[in-house]
There are 2 protein chains.
Amino acid sequence: METENKKILLVEDDPNFGIVLKDYLTMNDFDVVLAKNGMEGFEKFKKDNYDVCILDVMMPYKDGFTLAREIREKNENVPIIFLTAKTMKEDVLKGYKAGADDYLNKPFDSEVLLMKLKAILQRKSSNTLADSKQFEFEIGNFHLNSKLRFLRYKDEEPIKLSPKENELLRLLALHENDLMPRELALTKIWRDDNYFTSRSMDVYIAKLRKYLKRDDLAEILNIHGEGFRLVVKAGNEQAS
Amino acid sequence: METENKKILLVEDDPNFGIVLKDYLTMNDFDVVLAKNGMEGFEKFKKDNYDVCILDVMMPYKDGFTLAREIREKNENVPIIFLTAKTMKEDVLKGYKAGADDYLNKPFDSEVLLMKLKAILQRKSSNTLADSKQFEFEIGNFHLNSKLRFLRYKDEEPIKLSPKENELLRLLALHENDLMPRELALTKIWRDDNYFTSRSMDVYIAKLRKYLKRDDLAEILNIHGEGFRLVVKAGNEQAS
DNA sequence: CATTTTTGTTAAGGTTAGGTTAAACGCTAA
DNA sequence: TTAGCGTTTAACCTAACCTTAACAAAAATG
C-alpha cells in the first residue's frame with residue numbers, strides 16, 4: 001500500500017507557534033515543511049509539490065496575500081488556507097481574492113483545522129482516486145474486464161459474463177494459484193451459505209470451466225471440501 | 001459565452017432571514033431555491049441539480065446534518081456550506097463529518113459568504129470543467145453536436161435530436177467504451193429512478209440505436225442490470 | 001468394497017430486464 | 001381548435017439470468 005502522507009507547506013513567522021503547529025500536524029500524519037516568511041515560503045513552494053498550503057497573513061517582508069498570489073501564478077489548484085490574526089473582514093475578503101480556499105482565525109481550534117484539511121483534501125483527491133480497485137486481470141491468454149463484465153480470449157470477440165459468472169471469476173482471479181474457499185464465494189456473492197447456493201455455485205464453476213477450456217494455460221481445480229483454485233501456468237512470456 | 005448562473009439550494013427555516021439571504025444572493029447573480037426545512041430541502045434537491053447547498057443547522061423536523069448526509073448519499077460532490085448559530089466546535093466538527101465543505105457562523109457577513117461561494121465554486125469548476133466543455137463528440141463516423149442537438153453522419157444532412165435523445169447520447173459519449181450506469185442517466189436526465197422512467201429510457205436507447213445502425217463502428221451494448229455501453233471501434237485510423 | 005458425501009454437468013423452469021413498436025398523453029403554437 | 005412534437009405508458013416479445021432437479025462421477029469414509 002502506498003499510503004503517502006499529504007504534504008503541507010506551512011508558512012508562519014512566529015517560530016513558537018510555527019513549531020507547535022508543525023508538530024501537531026506531523027503527529028496527525030502530514031508531512032510538514034515549515035517556512036519562516038513569505039520569501040522562504042515561495043522558495044520552498046517552487047522546489048516541491050504540496051497538497052495544501054497554510055499561510056499566515058501577517059508576516060514580515062512578504063505577507064500571506066502576496067505569497068498566495070505568487071503561488072497561484074505557479075499553480076492554480078493547490079488549496080490555500082489563511083491564518084488571520086482575528087476576524088478582520090477586510091483580510092478575509094482580501095484572502096479570498098488572492099485565491100484562498102479557506103481561512104481560519106487565530107486562535108483557532110486545532111481539530112477544526114484538521115477537519116478543514118480533511119474536507120479540502122477529500123475534494124481534491126476524489127478525482128484522482130478513480131482506478132484504485134482491481135477490476136482487470138490477465139488469466140492465461142484471457143483478459144477479464146470485471147467492470148464491463150467480459151472475458152476475451154486473445155483478440156477474439158469478448159464473451160459477455162453474467163453478474164455471477166463475473167464475480168466468481170473475479171474472486172478466483174484475486175486468489176490466482178491459491179485456494180479460493182467455497183465459503184468465501186458463497187458469503188460474498190451469494191450472501192448465504194447453504195446446500196442450494198452451494199450447488200448453484202458448482203453450476204457456475206462448470207460454466208467458467210467451459211469458457212476457460214480453450215486455453216491450456218488456465219484451469220479451475222477443485223480442492224475437495226475446501227474450495228477451488230484457479231491455476232494459471234506461465235505462458236510464452238516475451239522478454240519485450 | 002454561456003454564462004448560466006450558478007444554482008444554489010438554500011435551506012433555512014427562519015422565513016425572514018431566508019428571504020433576505022435569497023434576495024441578496026439573487027442580486028449577486030445566483031439562482032436560488034429556498035426550502036423551509038430539511039424535508040422540503042431534500043425533495044427539492046432530488047428534483048434538480050445544484051452547484052452548492054447552503055444549509056442551516058438548526059431546523060425543525062430534519063436538521064442540517066441529517067439533510068447533509070442524505071444529500072451526500074445522492075451526490076458526493078456538491079459543495080455543502082453550513083450555517084451554524086454560533087461557534088460551537090461540536091457543531092463544526094459534526095458538520096465536517098457529515099461531508100461539509102465549509103461553515104459560517106451566524107451572524108455572518110454577507111460579503112464573506114459571497115467570497116466563500118466563489119472560492120468553492122472555483123475549486124469545483126476546475127474539476128468539472130473538463131466535462132462541462134464537452135459538447136461535441138466523434139462517434140465512429142458520426143459527429144454529435146450536443147449544444148445544437150444534432151447528429152450528423154459523415155456529410156449527410158444532420159439528424160435533429162430531441163432533448164432527451166441528445167442528453168442520453170451525450171452521457172453515453174462521455175463514457176465512451178465504458179459503462180454508463182442506468183442509474184446515472186435516470187438521475188441526471190430523468191431526475192427520478194423508477195420503473196417507468198427506466199422503461200422510458202429503454203425507449204430512447206432504441207431510438208438512438210436506430211440512428212447509429214447505419215454505422216458499423218458505433219453501437220450501444222447493454223450490460224444486464226448495470227447500464228449501457230457505447231462501443232466505438234477505431235475506424236480508418238491514419239498513422240499521421 | 002459398500003456407502004456416503006461432495007463435486008461435475010446438463011437441462012428445465014421461472015423470474016426479471018431489456019428490445020421494440022405503437023398508442024396515449026400533454027404541451028405549444030398556429 | 002387542431003396539428004405537431006416530445007415524451008410517457010402500454011403491450012408483447014425475446015434474451016438474460018439464476019435456481020433447482022436429476023443423474024453421473026469422484027472422493028472420502030468406515
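Nothing here was measured: the structure is a model prediction, and the numbers come from that model. In the text below, chain A, chain B and the rest are named by the order of the sequence lines, each starting its count at 1.
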Just to confirm, is there a sub-4.0 Å distance from OP1 or OP2 of [N] to any side-chain nitrogen or oxygen of [X]?
X	N	result
A:Arg149	D:dA16	no
B:Lys164	D:dT8	yes
B:Ser162	D:dC5	no

Worksheet item: Which of these passes salt bridge (Lys or Arg N to Asp or Glu O under 4.0 Å) with B:Glu219: B:Arg209, B:Lys213, B:Lys233?
Response: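 For B:Glu219, the salt bridge (Lys or Arg N to Asp or Glu O under 4.0 Å) check succeeds only for B:Lys233.
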Atom pair distance, as rounded to whole Å: [atom1] in [X] and [atom2] in [N]:
X	N	atom1	atom2	value
B:Lys207	D:dG6	NZ	P	8 Å
A:Leu168	D:dC17	CG	P	15 Å
A:Glu226	C:dT6	CD	C1'	12 Å
A:Tyr204	D:dC18	OH	C1'	4 Å
A:Phe228	D:dA26	CZ	C1'	13 Å
B:His224	D:dA15	NE2	C1'	8 Å
B:Asn166	D:dT7	CG	C1'	15 Å
B:Leu221	C:dG19	CG	C1'	14 Å

Item to complete: Answer yes if the ring centres of B:Phe65 and B:Phe82 are under 6.0 angstrom apart, and no otherwise.
Response: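 Yes - the distance between ring centres of B:Phe65 and B:Phe82 falls below the 6.0 Å cut-off.
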Ion pair check, [X] and [Y], cut-off under 4.0 Å:
X	Y	value
B:Lys46	B:Glu43	yes
B:Arg182	B:Asp202	yes
A:Glu156	A:Arg152	no

Side chains of [X] and [Y]: is there a donor and an acceptor less than 3.5 Å apart?
X	Y	value
A:Asn166	A:Ser146	yes
B:Thr66	B:Asp63	yes
B:Asp13	B:Asn37	no

Worksheet item: Closest nucleotide of DNA chain C for B:Ser198 versus for A:Lys213: which of these residues is on the 5' side?
Response: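 Taking each residue's closest nucleotide, the earlier one in sequence belongs to A:Lys213.
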Worksheet item: Which heavy atom of B:Asn141 sits nearest a heavy atom of B:Asp215, and at what distance?
Response: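 In this case the closest contact between B:Asn141 and B:Asp215 is N-OD2, 2.6 Å.
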Worksheet item: So, for B:Val232 and B:Gly140, which heavy atoms are closest and what is the spacing to 0.1 Å?
Response: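 Result for this residue pair: CG1-N, 3.4 Å.
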Item to complete: Mind running a 4.0 Å heavy-atom check of residues 182-196 of chain B against DNA chain D and sending the residues that fall below it, in number order?
Response: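 Output list: B:Trp190, B:Phe196.
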Item to complete: Can you check each nucleotide of nucleotides 20-30 of chain C against protein heavy atoms at under 4.0 Å and return B for base, S for sugar-phosphate only, - for none, in 5' to 3' order?
Response: BB---------
Practice prompt. Please determine if B:Lys147 forms a cation-pi arrangement with B:Phe135, meaning its NZ or CZ atom is less than 6.0 Å from the six-membered ring centre and no more than 45° off the ring axis.
Written response: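 Yes, B:Lys147 and B:Phe135 form such a contact.
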Practice prompt. Evaluate the side-chain proximity of B:Tyr24 to B:Asn28: yes if any heavy-atom separation is below 4.5 Å, no if none is.
Written response: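 Answer yes - side chains close enough.
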Discussion item. Classify B:Lys160 by what it touches in the nucleic acid, base, sugar-phosphate, or nothing, heavy-atom distance under 4.0 Å.
Written reply: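 It contacts nothing in the nucleic acid.
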Discussion item. Base, sugar-phosphate or nothing for A:Ser200? Non-hydrogen atoms, less than 4.0 Å.
Written reply: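 Contact class for A:Ser200: base.
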Practice prompt. To the nearest 10°, let me know how far the axis at one end of the helix from C:dC1-D:dG30 to C:dA30-D:dT1 is tilted from the axis at the other, five pairs an end.
Written response: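 So the angle between the two local helix axes works out to 30°.
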